[in-house]
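Excluded from the calculations below are hydrogen atoms, water molecules and symmetry mates; all remaining heavy atoms, backbone and side chain alike, are included.
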Amino acid sequence: MANNLLPFSSTLSKSTPFPVNPSQTAHSFSHKTLQKPCFPSKVSTFSNTHKTSFTVSTKNPISDIVSAKQPHLQPQYPDDDDHNDDDKPREECGVVGIYGDPDASILCRSALHKLQHRGQEGAGIVSVNDDGVLRSVTGLGLVSDVFNDKSNNSKLDQLPGHSAIGHVRYSTSGSSMLKNVQPFIASYKFGSVGIAHNGNLVNYRVLRAKLEDHGSIFNTTSDTEVVLHLIAMSKHRTFLSRIVDACTQLEGAYSMVFVTKDELVAVRDPYGFRPLVMGRRRSNGAVVFASETCAFDPIEATYEKEVSPGELVVVDKQGVRSLFLLGKSRPQLKQCIFEHIYLSQPSSVVFGRSVYQFRRAIGEILATEAPVDCDVVIPVPDSGTVAALGYAAKADVTFEMGLNKSNYVGRTFIEPSQKSRDHGVKHKLSPVRAVLEGKRVVVVDDSIVRGTTCSKIVRLLKEAGGAKEVHMRIASPQVIGCCYYGVDTPSSEELISNRLSVEEIREFIGSDSLAFLPLDSLQKLLGSESQNYCYACFSGKYPLVPREV
């Protein structure tokens, strides 16, 4: 198929740089994970009051232009309990694409609900109506906040059409501006295009500088906008060949969906860092794409295939076809191992593996390699639950829910002082004394990043729960490096495993023992596919090093 597109037409003159509608923008450009390792974290104080800001637009005016001379803001962390107390790496976003269904935007919303764990600070949908006009609704907050049905004029009523793309966003910067919420819409010489992007480009500064030298005006702080400018500036004639031309200039992680008046396009970077899957609705065969297979369940779609690394899939009236960006010359796969360990839903199939089965197997390995005399095994909900089940089964010890998680604590409730913020774990987790009192307890969690959460949990179990002993078992190797490929992680200085030994970490969190999953055991579990994964956060060895760092 690739040969049918090459050589590309080069008869077009360079297109005029175009604006991106500020009401359809997302992601934090220099604020994404790329820049975070370069600076110590800072604190900003923005609040989430569940008052949703949203916008509906069909045009692309130039407004709120970001000056090319404005210095890029340093990365910041929201000063909220969820970030400090959950203390986990965060997936930056999730994407959805649907083609060939009259309820495309409604289905898109349902799929985004299932991907809410991949981003909670902004959501948006772009649809294409019967006249070929791209319309957008984006907003800050959860999917249910942006696309609620409480008013007579539902936002989805403004998004008719047979095709749509959607996006949920997790901000890594602390500035959740509405104009940075995807999907983006942009117009260029041959029409309009919408884009939703999951990942992080490691050469975006180089690309942006080059584009600005040629007159491009950037309207957001997102590396995703670079892709749109590359498409518009391309000298190739067809939209598909322009995407290929743009992607060959990108370095880093990208799983993207595009929509135009005629087609839906999905593309995944050649390394395959971030997941992207394809399925079909059982009722009418409509084609759907999503970051995870869990998004297929509420829209009654069947998983068909994983979009292969480097593959570009086109869906239009003629059907489905694909090509590969680099032909037969493809790099070694580097799929994100944290998708299996923490980021994805247990019900999903990611990179061809059941996330649930993988996490349960990790728990069994921990029980074999780091056993301890105990009376009960409990998880840190919800991320440690499946691994704890595996540990308990292998160790033949009772599994209990010794920590009860509240479902009614807002994601970003902000307290005015550090002392009040220290109560975050107590607000979210309650020890079940009947399970813990006088017991030797093994606690299974997925990872330790800063160590702040672990220390509070250990103290909570002993003081409020009455546990006799607390033994921490971590279902991943030690996190010693930052991620540049679309996962929000703290700076290297904040990573406790980058500064302290295992024994020093144990002393810091106050547990009676501590053990991590050995990296070689993790790779052994993956078997012959182990070389297809990225372990940079555990090893510090990066398959692609950002030019700017």
Ser222 versus Thr220, side-chain donor and acceptor atoms under 3.5 Å: no
Are there over 12 heavy-atom neighbours, none belonging to Asp213, within less than 6.0 Å of that residue's CG? yes
Mind telling me whether Phe273 and Tyr485 have parallel, tilted or perpendicular rings, with 30° and 60° as the class edges? parallel
Looking at Cys483, is its backbone amide N or carbonyl O close enough to the side chain of Tyr542 to form a donor-acceptor pair, meaning the two atoms are under 3.5 Å apart? no
Between Ser255 (side chain only) and Asn198 (backbone N and O only), is there a donor and an acceptor less than 3.5 Å apart? no
Heavy atoms only: give me the nearest Val95-Ser291 pair and the separation to one decimal. N-OG, 2.9 Å
Is there side-chain contact between Ile496 and Arg450, with heavy atoms separated by less than 4.5 Å? no
Once the angle between the rings of His340 and Phe351 is folded into 0 to 90°, is it parallel (under 30°), tilted (30 to 60°) or perpendicular (over 60°)? perpendicular
Backbone of Phe147 reached by a side-chain donor or acceptor of Arg109 within 3.5 Å: yes
May I ask you to decide if Glu251's main-chain N or O and Asn203's side chain share a donor-acceptor pair within less than 3.5 Å? yes
Keeping the roles fixed (side chain from Gln249, backbone from Leu207), state whether a donor-acceptor pair exists under 3.5 Å. no
Counting the benzene-type ring for Trp, do Phe538 and Phe338 have ring centres under 6.0 Å apart? yes
Are Leu312 and Leu325 side-chain neighbours, meaning at least one heavy-atom pair lies under 4.5 Å? yes
Measure from the side-chain N and O atoms of Tyr303 to the backbone N and O of Glu306, and report whether any donor-acceptor pair falls under 3.5 Å. yes
Under-4.0 Å salt bridge between Asp316 and Arg321: yes
Evaluate the ring planes of Phe190 and Tyr188, with Trp represented by its six-membered ring, and classify them as parallel (under 30°), tilted (30 to 60°) or perpendicular (over 60°). perpendicular
Run the salt bridge (Lys or Arg N to Asp or Glu O under 4.0 Å) test on Lys114 and Asp297 for me, step by step, so that the C-alpha distance in whole Å, both residues' side-chain angles and the decisive distance to 0.1 Å come before the verdict. CA-CA 8 Å; Lys114 295 298 289 187; Asp297 298 334; 5.3 Å; no
Can you name the closest pair of heavy atoms from Ser110 and Ile299 and give their distance? CB-CG2, 3.9 Å
If only atom types and distance count, is the side chain of Ser447 paired as donor or acceptor with the main-chain N or O of Val449 below 3.5 Å? no
Looking only at heavy atoms, the pair that brings Ala266 and Leu276 closest together is CB-CD2, 4.0 Å
Does a side-chain heavy-atom distance below 4.5 Å link Val287 with Glu304? no
Correct closest heavy-atom pair for Ser127 and Pro160 would be OG-O, 3.2 Å
Is it true that Arg118 and Glu339 make a salt bridge, defined as a side-chain N closer than 4.0 Å to a carboxylate O? yes
Taking the six-membered ring for Trp and the full ring for Phe, Tyr or His, determine whether the centres of His167 and Phe184 are under 6.0 Å apart. no
Given side-chain hydrogen bond (donor to acceptor under 3.5 Å, both in side chains), test Ser491 with Glu494 step by step and report yes or no. CA-CA 5 Å; Ser491 62; Glu494 295 176 279; 3.0 Å; yes
Going through the checks in order, is the salt bridge (Lys or Arg N to Asp or Glu O under 4.0 Å) test met by Glu311 and Arg268? CA-CA 6 Å; Glu311 184 180 14; Arg268 189 169 167 217; over 6 Å; no
Measure across Arg274 and Leu343 and return the closest heavy-atom pair with its distance rounded to 0.1 Å. NH2-CD1, 3.9 Å
Has Asn129 got a side-chain atom pairing as donor or acceptor with Val133's backbone, closer than 3.5 angstrom? yes
Gap separating the CD atom of Glu493 from the CG atom of Asn498, nearest 0.5 angstrom: 8.0 Å
Donor-acceptor pair, Glu212 side chain versus Gly215 backbone, under 3.5 Å? no
Looking at every non-hydrogen atom in both residues, tell me the closest pair between Glu292 and Gln345 and how far apart they are. OE1-N, 2.9 Å
Under 3.5 Å side-chain donor-acceptor pair for His236 and Ser241: no
Under 3.5 Å: donor-acceptor pair, side chain of Ser234, backbone of Ile231: no
